[in-house]
Structures are given as C-alpha cells and as structure tokens.
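In this text the structure is predicted, and so the values were computed from the model without any measurement.
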Amino acid sequence: MNIEAKLITSVVDGIKSLYGQEVPAAQVQLQKTKKEFEGHLTLVVFPFLKISKKGPEQTAQEIGEYLQNNEPAIASFNVIKGFLNLSIASSVWIDLLNTIHQNETYGIVPVTDASPLVMIEYSSPNTNKPLHLGHVRNNLLGKALANIVEANGNKVVKTNIVNDRGIHICKSMLAWQKYGNGETPESSGKKGDHLVGDYYVAFDKHYKAEVAGFMEKGMTKEEAEAASPLMNEAREMLVKWEAGDSEVRSLWSMMNSWVYAGFDETYQKMGVNFDKIYYESETYLEGKDKVLEGLKKGSFYQKEDGSVWADLTAEGLDHKLLLRADGTSVYMTQDIGTAKLRFDDYPINKMIYVVGNEQNYHFQVLSILLDKLGFEWGKGLVHFSYGMVELPEGKMKSREGTVVDADDLIEEMVKTARETSQELGKLDNCTPEEAENIARIVGLGALKYFILKVDARKNMTFNPKESIDFNGNTGPFIQYTYARIQSVLRKAAEAGIIVPNELPANVDLNEKEMGLVQMVADFATIVKQAGDDYSPSIIANYVYDLVKEYNQFYHDYSILREENQDVKLFRIALSTNISKVIHIGMGLLGIEVPNRM
C-alpha cells in the first residue's frame with residue numbers, strides 16, 4: 001500500500017474517532033506540500049468543517065494530533081490556515097525505497113493477453129521528398145507516445161501510411177524523366193529520397209518559369225497556370241497511373257524504391273520503427289468501395305454530377321465531398337480505406353493519429369464518418385494534434401528547397417555534440433569508437449529531448465545551439481548526470497559495496513533525501529498521467545526536475561565518503577534508483593543514456 005492510501009485510511013479513521021462520522025475516502029484530498037512549507041503531504045481540511053463544526057485551523061490541529069498519535073508514518077505536522085502539512089517518518093521513505101529497489105521496471109504496467117490494442121499512426125511521409133524537421137517532430141512524438149501507451153499496459157501497433165500516389169509524386173517523376181539523364185542514387189552518390197526531392201524542386205522551378213513566361217505575354221496568373229504544358233503533362237501522368245499504365249507504374253515503382261531506402265536510413269538514425277506500413281496506392285480503392293457501400297445504406301448522398309457527399313449538418317459541420325464527379329478519391333476516402341484495411345488486420349480498441357494541428361477539422365470529420373460506417377473505434381479515435389516546428393530564422397517550404405532536411409539536421413547535431421563534448425573534456429578518456437558513440441547519443445538525445453520537452457500542442461522553435469547545452473533543461477544535462485551516477489556506482493562496486501535488498505529502517509534521513517525518494521516514487525504516477533494525457537513532455541520535464549534535485553544533493557552531501565555505513569548504503573541505493581528511473585524515463589522518450597561521459 002502506498003503512503004497516500006495509508007494516510008487516507010488513517011484520516012477516515014481519525015474523523016470517525018474525533019467527530020463520530022464516516023467520510024468517503026474520495027473526500028480526503030492529499031497533495032504534495034508546496035516547496036515553501038515544511039512537510040511532504042498536505043491534507044485539505046475544508047471538506048470536513050461541516051462535520052467538525054469548528055474553524056479550519058482547529059480542525060486541522062485536531063486531525064494532525066490524532067494522526068501523530070495513531071499513525072506511525074507521521075513524524076510531525078504543522079497547520080497553515082485550512083491546510084494540514086504532514087511530515088512523513090524516515091522509516092516510511094526507506095521502506096518505500098526498498099519496494100522501488102526490488103522492482104526493476106518501476107512505473108511500467110506489464111502488458112497481458114487481455115490488454116487492449118492501441119494502434120498509433122505516425123510519420124505519414126510523401127514519396128516526393130526527404131523527411132524534414134516537421135517530420136522529425138512527428139516521428140519523435142509518435143515513437144514516444146507508442147512507448148508511453150505501452151508502458152501503461154496496452155498492446156501497441158505502430159503504423160505508418162505512406163502517401164505514395166497523387167500529383168506531387170508525378171511532378172518528381174516527370175522532372176526526372178525530362179531533366180534526369182538516367183541519374184540514380186548509385187550514379188549520383190545521393191540518398192534516394194534526396195535525389196527524388198531534388199527533382200520535385202526542379203519541377204517547381206521550371207513550372208514557375210513557364211508561368212512567368214506566359215504572364216509576360218499578357219496572361220493572368222490563373223490563365224498562365226492553366227496553360228502550363230509541364231503541369232498538364234503531370235496531370236496526364238496521374239491519369240495514366242490511375243489507369244495502371246505499365247510504363248508510368250514501373251517508373252513510379254523504381255523512384256519509390258529509392259525513396260524507401262532513403263527513409264529507412266533516416267528512421268534508423270532517429271531510432272524510429274513501425275510494425276506495419278500501409279500505402280495509399282493500396283488503400284484508396286478500398287476507401288472508394290467503403291464510400292459506395294455507405295451510399296447504398298443511405299449514410300451518404302450523390303449529386304447529379306455523380307459526386308458523393310456526406311451531410312454532417314446534424315453534427316454541426318458542413319457537407320463533405322467523398323468522391324469527385326470523375327470517381328477519383330480525396331484524402332478522406334483514402335483515410336476510410338486505410339481504416340478498413342487496418343481493422344481487417346488488427347482487433348483495434350483505440351486508434352491514435354499523430355498529425356499536425358492543421359488537420360484538426362479533417363479528423364473531426366473522419367471520426368464521424370468512421371462511426372457512420374460501423375467502425376467500433378471511430379467515435380473514440382484520438383487525433384494527437386501537434387503544433388508546427390520552426391527554426392529561429394522562420395518557416396520552411398519544401399517546393400522551394402528551403403526545408404531543414406532531417407538527415408542534415410541529425411548530422412549537424414552529432415557534429416555539434418562531438419565538438420562541444422571535446423571542448424568540455426568529456427571525451428578525454430574515451431577510445432575513438434566510444435567518443436563517436438557518445439557524440440551520436442548526445443547529439444540525438446539533445447535533438448529528441450528539446451523537441452519532446454515542449455507540450456506537443458504548442459508551436460515551437462527548435463534551436464540547435466540551445467539544445468546541446470550541458471546545463472539547463474536539455475538532453476545532454478540529463479545524460480551527463482546519468483553518466484555521473486554510473487561512475488559513483490562503479491566506484492562503489494569496485495570498493496566491494498553491495499546494496500542489500502532491504503535497507504535498515506533506522507537511518508535518520510535529511511529533507512533532501514526524503515524529497516528525492518518522494519520524487520522517485522512519483523514516477524509511476526507521472527507515467528500514468530503522460531499516458532492519460534498523451535503527453536511525452538510530462539515525462540521529459542519530470543526527469544529534468546529529478547536530475548536537477550539529484551545534482552544539488554550530490555553537490556551538498558558525500559556519498560562514498562560518508563562515514564556512517566547505513567547512510568552510505570542508503571545514498572548508494574537512492575542513486576541506483578534515481579539512475580534506474582532516468583534510464584526508464586528517457587527510454588520512454590526514445591533517448592539513450594550513456595554509461596560514461
């Protein structure tokens with residue numbers, strides 16, 4: 001039984017003994033004592049004033065005295081207005097640390113056969129360009145979310161939908177045909193996704209030049225765009241693709257295979273993976289069938305031009321197009337098709353889509369449509385909506401080639417981590433291989449932590465220099481503290497010190513030590529809260545706060561030089577469990593922590 005549960009029972013007993021009335025446990029509100037007051041847990045006494053028929057101070061005083069006399073966990077108390085601040089006895093904290101020490105995966109709820117299945121979709125790249133900074137935020141959030149949802153006792157399937165069809169893909173294909181001279185990733189030495197992305201930029205450049213030429217001849221912008229031979233050729237290519245033209249399809253397959261090889265390399269660097277990948281080229285026809293089925297059932301309606309629509313006015317929305325007059329599908333149709341295939345493949349209990357906040361309306365509509373079509377998880381689908389990520393210098397545009405490429409960013413982060421670590425002498429005793437591995441761990445840790453510590457719903461500015469600082473709320477600061485604790489534990493092991501499974505309960509702990517045990521114990525609640533709120537930032541900021549407190553403790557107190565043997569053992573056990581929680585917490589965020597630095 002945890003400390004809070006134990007105290008709630010004692011408060012219920014105390015109120016019955018003092019005032020002769022039963023109160024439900026739910027009425028007993030305990031919260032962490034505010035930093036400026038003495039104590040660990042605070043009881044709010046206002047709900048009991050009707051029962052005690054006394055003022056808040058007197059009621060708090062009486063309950064405090066009862067607890068001190070009857071509950072061994074309470075060492076002392078103080079009253080501030082209607083708040084009863086309770087200090088917990090050292091033996092209780094030691095007992096709690098013993099329990100945590102015996103649990104290797106503290107804070108993680110095991111998955112069982114009966115666990116619900118949650119599917120999480122993230123990444124969703126287009127095959128006409130490489131992954132960029134926006135994708136980095138999406139992938140890191142998706143992977144962290146999958147880890148956190150699983151840590152809360154759910155089976156998780158990580159999935160990706162690749163946008164591998166449409167006019168944007170044809171633009172890259174056409175530009176390669178026209179200007180590529182047979183260039184391949186092998187012949188150019190470029191990653192496949194970069195090569196294809198270059199042709200997407202080339203298409204835009206030639207298209208803009210065509211439009212400008214027509215406008216010089218007196219056409220309006222709209223007329224010039226409609227007259228562009230290049231754009232018309234791209235449209236023709238799309239029609240051929242949809243008709244299954246073998247030449248267009250084989251070019252499409254070849255260029256897509258280049259892109260997938262490039263994506264896989266980037267995913268691997270980021271530490272991101274998927275259990276199942278779906279492709280729009282395989283899902284859009286399924287969506288079409290599902291919409292036509294809905295039309296037959298009367299869930300949707302058809303206009304005279306043959307287009308199919310959903311009337312969502314009863315839900316406070318408007319009319320939504322599902323199939324164009326020419327029978328081609330829209331994004332919504334594709335999402336319905338993908339949902340059908342996924343539901344065929346897995347017994348999904350909940351579906352989470354990790355997609356930017358510009359798609360909020362889309363997912364509101366999708367939820368209603370899937371529910372109308374009979375998908376059990378449609379109504380409860382979660383759109384994990386996140387904000388845009390920018391650089392200090394502003395917005396990015398992929399058509400103009402001004403995007404921050406994910407590969408370049410990762411390379412730059414590792415390079416900066418290498419230089420910063422060398423300057424600070426953190427790689428002095430490392431072999432070249434160790435130094436390179438630490439640079440990779442620190443560079444990626446800095447990138448991931450900086451992105452994940454921000455509330456996902458907010459827009460953010462990613463500042464590479466700030467992220468790699470070894471002080472402050474950064475990945476490297478946490479990683480360095482973890483490595484420092486490992487160094488202490490190695491020295492303890494070398495000195496032959498073995499922490500017993502049960503620490504002696506008679507050690508008199510100081511406030512800092514008790515506070516740290518309380519923070520470590522909070523980890524289980526933090527993991528649950530991050531799962532309930534779908535919020536990786538809760539874990540990131542908790543780990544930072546824990547590390548900050550530990551650093552202060554490390555600075556103020558001896559660990560290995562402590563003369564009292566029992567105190568020394570307690571401090572080594574405390575350090576061990578803090579490092580365990582850092583390791584698990586950062587692991588949930590997809591961040592490695594090095595043993596040496």
Side-chain angles (χ1 to χ4, degrees), residues 90-108 421 424-431 434-435 437-438 441-442 445 470-471 475-524 542-587 591-597:
S90 285
S91 59
V92 177
W93 293 120
I94 293 169
D95 192 36
L96 182 58
L97 187 66
N98 282 331
T99 308
I100 295 167
H101 188 62
Q102 286 152 25
N103 183 350
E104 275 307 306
T105 54
Y106 179 70
I108 305 295
S421 303
L424 296 171
K426 295 193 189 297
L427 304 175
D428 289 355
N429 304 317
C430 298
T431 65
E434 276 178 337
N437 194 37
I438 289 169
I441 290 175
V442 172
F470 276 84
N471 294 305
F477 173 68
I478 294 167
Q479 289 171 320
Y480 181 60
T481 303
Y482 179 81
R484 168 185 268 176
I485 299 175
Q486 294 311 299
S487 168
V488 171
L489 300 180
R490 274 195 300 276
K491 285 176 188 159
E494 283 158 16
I497 301 168
I498 295 164
V499 176
N501 259 349
E502 287 283 335
L503 291 163
N506 57 357
V507 179
D508 202 11
L509 303 183
N510 61 46
E511 274 305 316
K512 205 76 174 151
E513 289 164 332
M514 293 193 242
L516 278 168
V517 177
Q518 188 174 16
M519 278 187 95
V520 171
D522 284 344
F523 182 58
Y542 160 83
V543 174
Y544 168 65
D545 289 339
L546 177 64
V547 159
K548 203 168 54 170
E549 283 297 310
Y550 180 81
N551 271 321
Q552 258 182 334
F553 167 74
Y554 180 86
H555 181 264
D556 294 346
Y557 298 96
S558 293
I559 297 176
L560 300 177
R561 290 204 186 93
E562 169 57 48
E563 283 165 13
N564 179 317
Q565 208 49 31
D566 288 344
V567 171
K568 185 194 287 190
L569 279 178
F570 169 81
R571 288 179 184 170
I572 293 167
L574 178 63
S575 302
T576 303
N577 286 285
I578 286 171
S579 82
K580 175 170 79 186
V581 164
I582 296 169
H583 191 279
I584 296 171
M586 293 293 264
I591 300 172
E592 292 174 71
V593 280
N595 287 322
R596 294 170 193 274
M597 237 166 119

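More than 12 heavy atoms of other shown residues, nucleotides or ligands fall within 6.0 angstrom of atom CG in Asn564. For Lys512, the NZ atom sits in a packed shell: over 12 heavy atoms of surrounding residues, nucleotides or ligands are nearer than 6.0 Å.
Side-chain contact of Asn429 with Arg596: a donor-acceptor pair under 3.5 Å is absent, judged by distance alone. A donor atom on one side chain and an acceptor atom on the other are found under 3.5 Å apart for Asn577 and Lys580. Side-chain contact, Tyr550 with Ser575: a donor N or O sits under 3.5 Å from an acceptor N or O.
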### Task
Evaluate side-chain contact (heavy atoms from CB on, under 4.5 Å) for Met519 paired with Ile578, printing each intermediate quantity in order.
CA-CA 9 Å; Met519 278 187 95; Ile578 286 171; over 6 Å; no

### Task
Just do the salt bridge (Lys or Arg N to Asp or Glu O under 4.0 Å) check on Lys568 and Glu563 with the steps written out, would you?
CA-CA 7 Å; Lys568 185 194 287 190; Glu563 283 165 13; over 6 Å; no

#### Entry: Test side-chain contact (heavy atoms from CB on, under 4.5 Å) applied to Glu513 and Trp93, step by step
CA-CA 9 Å; Glu513 289 164 332; Trp93 293 120; over 6 Å; no

### Query
Checking side-chain hydrogen bond (donor to acceptor under 3.5 Å, both in side chains) for the pair Arg490/Asn595: CA distance, chi angles, key distance, verdict?
CA-CA 10 Å; Arg490 274 195 300 276; Asn595 287 322; 5.6 Å; no

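Residues Glu562 and Tyr557 have side chains not in contact (no heavy-atom distance under 4.5 Å, counting atoms from C-beta outward). Between Asp522 and Val520 the shortest side-chain heavy-atom distance does not fall below 4.5 Å. A 4.5 Å side-chain heavy-atom check between Phe570 and Val499 finds every atom pair outside the cut-off. Residues Arg484 and Asn551 are in side-chain contact: their nearest non-hydrogen atoms beyond the backbone lie under 4.5 Å apart. Met597 places a side-chain heavy atom less than 4.5 Å from the side chain of Val442. Side-chain contact between Asn103 and Thr99 is absent, with no heavy-atom pair separated by less than 4.5 Å. The shortest side-chain heavy-atom distance between Tyr554 and Thr481 does not fall under the 4.5 Å cut-off.
Here the side chain of Gln552 pairs no donor or acceptor atom with the backbone of Glu549 at under 3.5 angstrom. With hydrogens and angles disregarded, no donor-acceptor distance shorter than 3.5 Å links the side chain of Arg571 to the backbone of Leu560. Side chain of Ser90 to main chain of Leu509: a donor-acceptor pair is present (N/O by atom type, distance under 3.5 Å, no hydrogens or angles). A distance-only check finds a donor-acceptor pair linking the side chain of Thr431 to the backbone of Glu434 [under 3.5 Å]. Remark: side-chain polar atoms of Asp566 are not paired, donor with acceptor, to backbone N or O of Val507 under 3.5 angstrom. A donor-acceptor pair is defined here as one N or O able to donate and one able to accept, closer than 3.5 Å; such a pair exists between the side chain of Gln102 and the backbone of Asn501.
Rounding to the nearest 0.5 Å gives a distance of 10.0 Å between CG of Leu503 and CG of Asp95. A distance of 8.5 Å separates CD1 in Ile582 from CD in Gln486, rounded to the nearest 0.5 Å. In this structure, CD1 on Ile441 lies 11.0 Å from OG on Ser421, to the nearest 0.5 angstrom. Atom CD1 of Ile559 and atom CG of Leu489 lie 8.5 Å apart (nearest 0.5 Å).
Ring orientation note: the planes of Phe523 and Tyr106 are tilted relative to one another, at an angle of 30° to 60°.
Considering all non-hydrogen atoms of both residues, Gly445 and Ile591 come closest at CA-CG2, 3.8 Å. Among all heavy-atom pairs drawn from Cys430 and Ala435, the shortest one is CB-N, 3.9 Å. Of all heavy-atom pairs spanning Ser579 and Ile485, the tightest one is CB-CG2, 3.7 Å.
Cation-pi geometry between Lys426 and Phe470 is met: the NZ or CZ atom falls under 6.0 Å from the ring centre, inside 45° of the normal.
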